[in-house]
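Note on naming: letters A, B, ... go to the chains in the order of the sequence lines (proteins, then strands), and numbering restarts at 1 for each one. Computed from a predicted model, the values in this text were never measured in an experiment.
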Protein chains: 2
Amino acid sequence: MRVTKPRVALVEALFKQEGPVSIERLHQVVGIKSCDLVTIYRCLAAFESLGLVRRSYLHNGTCLYELTTGHGRRYHVVCKECGRTDPVDFSLTNDAEESLRHKGYTQISHVLEFFGVCPACQQSAAPHREQSVAVTPVT
Amino acid sequence: MRVTKPRVALVEALFKQEGPVSIERLHQVVGIKSCDLVTIYRCLAAFESLGLVRRSYLHNGTCLYELTTGHGRRYHVVCKECGRTDPVDFSLTNDAEESLRHKGYTQISHVLEFFGVCPACQQSAAPHREQSVAVTPVT
DNA sequence: TTGAGTGCAAAGGATTTGCAGGTTC
DNA sequence: GAACCTGCAAATCCTTTGCACTCAA
């Protein structure tokens with residue numbers, strides 16, 4: 001796998017985030033002009049098969065990506081309204097995956113996502129729809 | 001909410017399955033001619049908001065639905081190759097959702113899905129792609 | 001009767017693919 | 001120099017929407 005400008009920028013962008021990010025947003029962080037959306041899709045797919053990033057999902061099924069850090073797995077709540085993510089203090093035991101291995105499954109992984117309506121979206125009749133996509137939260 | 005033919009058929013179809021099913025497959029089980037795909041989408045959405053069904057996701061992000069039985073929550077592995085689902089013996093503590101409630105989140109739910117390559121797909125170079133979608137194997 | 005529900009067609013959004021040209025090793 | 005990557009355009013897949021018609025209550 002070659003080291004190219006888009007890939008370096010993408011890793012940097014992923015590194016800057018503290019949680020799962022949408023591809024759309026990554027595109028914005030990297031710079032719309034400096035890299036095509038398609039390239040981001042392709043790089044993330046490559047990164048994923050290398051185990052470098054992990055995929056999770058928004059409530060509507062669209063993907064989010066995050067760097068696979070060495071510090072253990074982290075889970076997140078994602079707001080059904082604005083899409084904002086927030087880490088959840090929780091960890092999964094290995095029992096389940098272990099039992100699957102015993103059953104003969106390979107390439108085992110899992111997705112655990114919590115959903116809910118965040119406090120900020122609670123009262124606002126008009127939810128902050130684009131929040132999850134907004135770049136640099138302006139201040 | 002009215003009781004209509006498509007809805008009854010849909011509930012029956014869901015009932016027959018033991019795990020999460022794709023919309024595509026539900027359409028086939030219900031009968032392609034007897035009900036439009038769009039209607040299935042709409043009914044499932046309605047059922048979901050009533051808490052009658054629960055949604056989960058395939059490895060590629062497409063939705064699966066299953067009836068919300070009274071017998072507690074069940075999780076599944078879904079094969080990355082053929083899409084077949086298999087129940088996993090595992091249960092999640094309520095701690096995580098409870099802590100979210102404390103943080104001010106509402107309408108809390110979660111999705112937990114295990115992925116892997118099932119024993120059957122292990123050796124077969126050409127995976128049973130359509131297995132998860134296949135309806136009553138046309139005798 | 002009448003409004004919720006349905007089917008059909010078409011739109012929409014996310015993701016993937018094909019291909020020619022550019023870049024890394 | 002060759003293979004890999006990228007950008008652009010277009011295709012695909014899943015899901016949603018608009019609208020006129022139908023049917024359950």
Any residue meeting side-chain contact (heavy atoms from CB on, under 4.5 Å) with [X], in chain and number order, not counting sequence neighbours:
{"X": "A:T62", "value": "A:L58, A:N60"}
{"X": "A:S91", "value": "none"}
{"X": "B:T106", "value": "A:V117, A:Q122"}
{"X": "B:F115", "value": "A:S109, A:V111, B:H59, B:V78, B:K80, B:E113"}

>> Tell me every residue that passes salt bridge (charged side-chain N to carboxylate O under 4.0 Å, His left out) with B:R7, counting only those two or more places apart in sequence or in another chain.
In response: none

>> Using a strict heavy-atom distance below 4.0 Å, which residues from residues 30-40 of chain A are in contact with DNA chain D?
In response: A:S34, A:C35, A:D36, A:V38, A:T39

>> Going 5' to 3' along DNA chain C, between which two nucleotides do contacts with chain A fall, using a heavy-atom cut-off of 4.0 Å?
In response: C:dA14 to C:dC25

Cluster companions of [X] among Ile, Leu, Val, Met, Phe, Trp, Tyr (side-chain spacing under 4.5 Å):
{"X": "B:Y75", "result": "A:Y75, A:V77, A:V88, A:F90, A:L92, A:L100, A:Y105, A:I108, A:L112, A:F114, B:V77, B:V88, B:F90, B:L92, B:L100, B:Y105, B:I108, B:L112, B:F114"}
{"X": "A:V8", "result": "A:V3"}
{"X": "B:V38", "result": "none"}

>> Quick check on the helix from C:dT1-D:dA25 to C:dC25-D:dG1: what's the angle between its two end axes, five base pairs per end, to the nearest 10°?
In response: 40°

> Which nucleotides of nucleotides 20-25 of chain D have their base under 4.0 Å from a protein heavy atom (B), which only their sugar-phosphate (S), and which neither (-), written as one string 5' to 3'?
Replying inline: ----BS

